[in-house]
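Bear in mind that the values here come from a model prediction, so they are computed numbers and not experimental data.
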Amino acid sequence: FASAEQIGEHIQASGISKVTLQPEDVMTIINTLVYDGRIELFTQFMRGQHSTKGKKDAFYKPVGQTTPMNYFTEIPCSVCPVFQDCTDEGDISPAKCEYMNQWLDKHF
């Protein structure tokens, strides 16, 4: 998986483009590749030093590239629309989440 920024850096470093590409130019290339079915878009909520709490980040991978199984990416939190409101003790929490309980029952 690679972010749009990483893809842009790769294009510049590889010499594929003879001109300096702006971020919007890189996104035009990426969108064309997505529309042509050459790469896939994945989004996930990220927490940590490289992302703000609850921010949805986009990543891309070539179509047909297999991804190793990672149960963390399958947890309901990774696609939850109210993830940014989830807390340990609030009304929205992992302990009260019906989707989390279903996932746990299925995988463990």
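Side-chain contact between D88 and S93 is absent, with no heavy atoms from C-beta onward closer than 4.5 Å. Residues I92 and K96 are not in side-chain contact: their nearest non-hydrogen atoms beyond the backbone lie 4.5 Å or more apart.
Atoms CZ and CD1, from F59 and I39 in turn, are 13.5 Å apart once rounded to the nearest 0.5 Å. Between the OH atom in Y35 and the CG atom in L41 there is a gap of 9.5 Å [rounded to 0.5 Å].
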Report, one line per pair, each donor and acceptor closer than 3.5 Å where one atom sits in a side chain of residues 11-18; sequence neighbours left out.
residue, atom, partner, partner atom, Å
Q12, OE1, L21, N, 3.2
S14, OG, H10, O, 3.0
S14, OG, I11, O, 3.1
S14, OG, I16, N, 3.3
S17, OG, V19, N, 3.3
S17, OG, V19, O, 2.9
K18, NZ, G15, O, 3.3

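Residues F83 and Y99 do not share a hydrophobic cluster, defined by chaining ILVMFWY side chains whose heavy atoms lie under 4.5 Å apart. Cluster annotation: F1 is not connected to I7 through the hydrophobic network of ILVMFWY side chains, with a link wherever side-chain heavy atoms come within less than 4.5 Å.
A donor-acceptor distance shorter than 3.5 angstrom exists from the side chain of D25 to the backbone of Q22, with no hydrogens or angles considered.
Counting all heavy atoms, side chain and backbone alike, C77 lies closest to M100 at SG-CE, 3.5 Å. Residue G37 comes nearest to V63 through the heavy atom pair O-CG2, 3.0 Å, listed as atom of the first residue, atom of the second, then distance. M27 and Y60 make their closest contact through CE-OH, 3.6 Å (heavy atoms, listed as atom of the first residue, atom of the second, distance).
For E24, the CD atom counts as densely surrounded, since its 6.0 Å shell holds more than 12 non-hydrogen atoms of other residues, nucleotides or ligands. More than 12 heavy atoms of other residues, nucleotides or ligands shown are found within 6.0 angstrom of CG on D36.
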